[in-house]
Amino acid sequence: MGVARLSVLAVMAACWALGRAVNDGAEETTGKLVPDGQPSNITGSYKGSWNAIFGSSELNKNSKFLNGKEGDAILELKIGPSGKTSGNFGVWGVQGDVLLRDGTHVTDSDVRFKVEGAYVRDSGRLHAVLQPAHLLSMKFTEEEVRDGGPDYREALLRAARRWSMKPTPLVAYGTPIDDQIGLSKACSFMLDLNVSIGKAEGGTGKEMGSDEDGTRSKSDKPSLQLQGSISSKNCNVSLSVTAATVHMEAYFAKALHYTLATTVVTFLQILLLIKQIEATSTPSTAMRVSLLTVSHQTTMDAYLCLLHLTAGIVLDPLFNTFAMVSFFEFILFAIFEMRYMLLVWRAQRGNSLDPFDMRRELSMLYTRFYGALLLGVLLAYKLQQFMNVLVFGLYSFWIPQIVHCIRKGIRQPLTPLYVVGTSLTRALLPMYIYGCPKNLLHITASPPMCIAIGTYMGLQVCTLLLQYYYGPTCFIPRRFLPDKHDYFRALTSEELQALATSPRQVAEEGGEGLMECVICMSALDVRRPRSRMVAPCGHFFHSQCLQRWMDVKMECPTCRQPLPPL
């Protein structure tokens, strides 16, 4: 009760913190209008696309410029007054960043520019100089070398400064001078955009922020459209760019809904895990749990904790919203799941008389866990294009438990409530990402991926439930299984005749075939195979009684002989 009460208080605190974050962060930053309808404030975030018009492939390959012909464009702009023109309105200085990406994943070919320019409100034009974060260069042609233009002179000065810093420059004889000193011209980029007022979000068809009487409506979300080009004349590069406003207030509300739902889901996972720990608290039941399954789920929650914490750090206005989710994920994996993992590890390892040996093995367990955690991060970064395959690998956490029960021939120790509840709560995240068209990560919805993940996890859950109710190998043909003791085997005629004269037979009216179960001391009908169990030593017990006994001790209650796994 104490854990549940603290968790409820934590959820209430999370809701309050998320509400404060949304109220503080949902400020409108774009679309301020002046009387003639032109925007005077273009500060904000914009997202769109770029298309190569010509020349992008001519850049030096060492520059790692865009490899494709189209991709995503992200702009962050901020304006400030820089004087006034002779007209009624002035010119504003603009600073910011431009990010061009040629794919859906982060690669070395992504290009980032620093923006320095001006926005002229009268014409609605944005003119700026782009400074690439990394040098983008292209080799000179023979005509450019003969002309000796400003680009060539600048390259000579740059090479001279580089050589003057070297104590003993080396020259390869027989190599052209351009290759010796690495002469190449630095590409100068210009940004030229037209700023226009788009339609209000929601498809009303009205101009941004205007009602029928021409006044601005507070319910409309203004949107600005940017359309123009990024070009480099000296490197013969031209890209067309189109972008629109990203409304942070809507993004904040969406983040609030996501974090509240994730917090509730994590809280339910904690409660389900507590119930499962109570159900397998004895060593005989804990040793039937797969250590890989518990470790797999612990690693998944550790990843989610790191991802939500990183998202909060990168998006500073949303830090409070993601920090609370990260806190709950940390409690789940660092306290409850790590404790369960140690419980299973100790049960499978058994008692040891050497404390140093136990300490060494425990340190190896932690080393393998955190090593696997780091390896997973590296694989996710290197194999971003195969993210769908990695998702199926992450959601295969029930497979080790299924294989463990089959190999050991033991009954499924995970309760149906834990299996079904954990599967449903963990499936919500991929269903949201691949099923919601307007999800928080702006990932394109994929209904086939949702169906595939749901089917894959459903098969795992059905297999676990079959193992729980009908045995670990109930779905495997008997001819493929090794010989093992059948606790529910039918009795032969000789055994029934011997039991009829046994002094242990219960003397009751109509009590033929009845015996006494030494565990519960009540009558037992040995003629009903599914209601009784017979040990290898020939002693009979109620099926429920012996199964509960085997959860504590794997020996016969009557003669103390070892019992084989169920």
Side-chain angles (χ1 to χ4, degrees), residues 11 14-15 18-19 21-22 25-26 45-49 71-72 74 101 103-106 199-204 219 221 223 243-269 300-301 303-312 314-315 317-326 328-329 332 380 384-397 420-458 461:
V11 171
C15 297
L18 297 177
V22 171
S45 301
Y46 301 85
K47 185 176 181 181
S49 60
D72 297 330
I74 302 173
R101 302 175 61 181
T104 57
H105 306 287
V106 179
K199 296 180 180 180
E201 279 194 5
T204 59
S219 61
K221 297 179 180 180
S223 178
T245 305
V246 177
H247 295 280
M248 291 304 296
E249 65 274 11
Y251 190 79
F252 282 11
K254 189 176 296 185
L256 173 64
H257 298 156
Y258 167 79
T259 50
L260 284 178
T262 307
T263 301
V264 173
V265 167
T266 307
F267 177 68
L268 292 177
Q269 291 177 359
M300 288 181 59
D301 292 318
Y303 287 148
L304 292 176
C305 176
L306 293 176
L307 286 175
H308 288 105
L309 184 61
T310 303
V314 173
L315 304 174
L318 299 174
F319 178 78
N320 290 338
T321 61
F322 286 101
M324 186 58 64
V325 179
S326 178
F328 269 91
E329 294 286 352
L332 175 59
Q384 297 180 56
Q385 62 272 25
F386 304 106
M387 189 57 66
N388 291 344
V389 178
L390 295 178
V391 169
F392 277 96
L394 284 176
Y395 283 85
S396 302
F397 49 84
V420 176
T422 301
S423 301
L424 290 177
T425 53
R426 292 192 182 278
L428 290 178
L429 181 59
M431 293 300 173
Y432 168 74
I433 293 176
Y434 292 105
C436 181
K438 298 182 179 180
N439 56 75
L440 192 64
L441 300 179
H442 300 289
I443 296 178
T444 305
S446 177
M449 190 69 179
C450 293
I451 296 174
I453 293 177
T455 304
Y456 184 59
M457 293 199 65
V461 172

(message) Run the side-chain contact (heavy atoms from CB on, under 4.5 Å) test against Thr262 and tell me which residues pass, sequence neighbours left out.
(response) Tyr258, Thr266, His308, Val325, Glu329
(message) Nearest 0.5 Å, please: how far is CD in Gln269 from OG1 in Thr425?
(response) 4.0 Å
(message) Once side-chain contact (heavy atoms from CB on, under 4.5 Å) is applied, do any residues pair with Ser49, and if so which ones, sequence neighbours excluded?
(response) Asn51
(request) Go through the structure and list residues passing side-chain contact (heavy atoms from CB on, under 4.5 Å) with Ile74, not counting sequence neighbours. (result) Lys47, Leu99
(request) To the nearest 0.5 angstrom, please state how far the OH atom of Tyr432 sits from the SG atom of Cys450. (result) 12.5 Å
(message) How long is the straight-line distance from CG of Asn320 back to CG of Leu256, given to the nearest 0.5 Å?
(response) 11.5 Å
(message) Working to the nearest 0.5 angstrom, can you tell me the gap between Leu332 CG and Leu304 CG?
(response) 9.0 Å
(message) Within the structure provided, determine whether Leu424 and Leu428 are in side-chain contact (heavy-atom separation under 4.5 Å).
(response) no
(request) Identify the heavy atoms of Ser326 and Leu309 that sit nearest to each other, and give their distance. (result) OG-CB, 3.5 Å
(request) Just jot down the side chain to side chain donor-acceptor pair (under 3.5 Å) partners of Asn388, sequence neighbours excluded, or say none. (result) Tyr434
(message) If you take the centroid of each ring, where Trp contributes its six-membered ring, are Tyr456 and Phe392 closer together than 6.0 Å?
(response) yes
(request) Of all the heavy-atom pairs spanning Ala243 and Tyr46, show the shortest one and how long it is. (result) CB-CB, 4.0 Å
(message) Using every non-hydrogen atom in the two residues, find where Pro430 and Ile453 come nearest and quote the distance to one decimal.
(response) CB-CD1, 3.8 Å
(request) Sorted by first residue and then second, give each salt bridge (Lys or Arg N to Asp or Glu O under 4.0 Å) pair with at least one member in residues 425-448; sequence neighbours left out. (result) Asp301-Arg426, Glu337-Arg426
(message) Any side-chain to backbone donor/acceptor pair from Asn439 onto Ile433? Under 3.5 Å, distance only.
(response) yes
(request) State which residues pass side chain to side chain donor-acceptor pair (under 3.5 Å) with Ser423; sequence neighbours excluded, sorted by chain then number. (result) Trp398
(request) Would you mind reporting whether Thr259 and Phe328 have side-chain heavy atoms less than 4.5 Å apart? (result) no
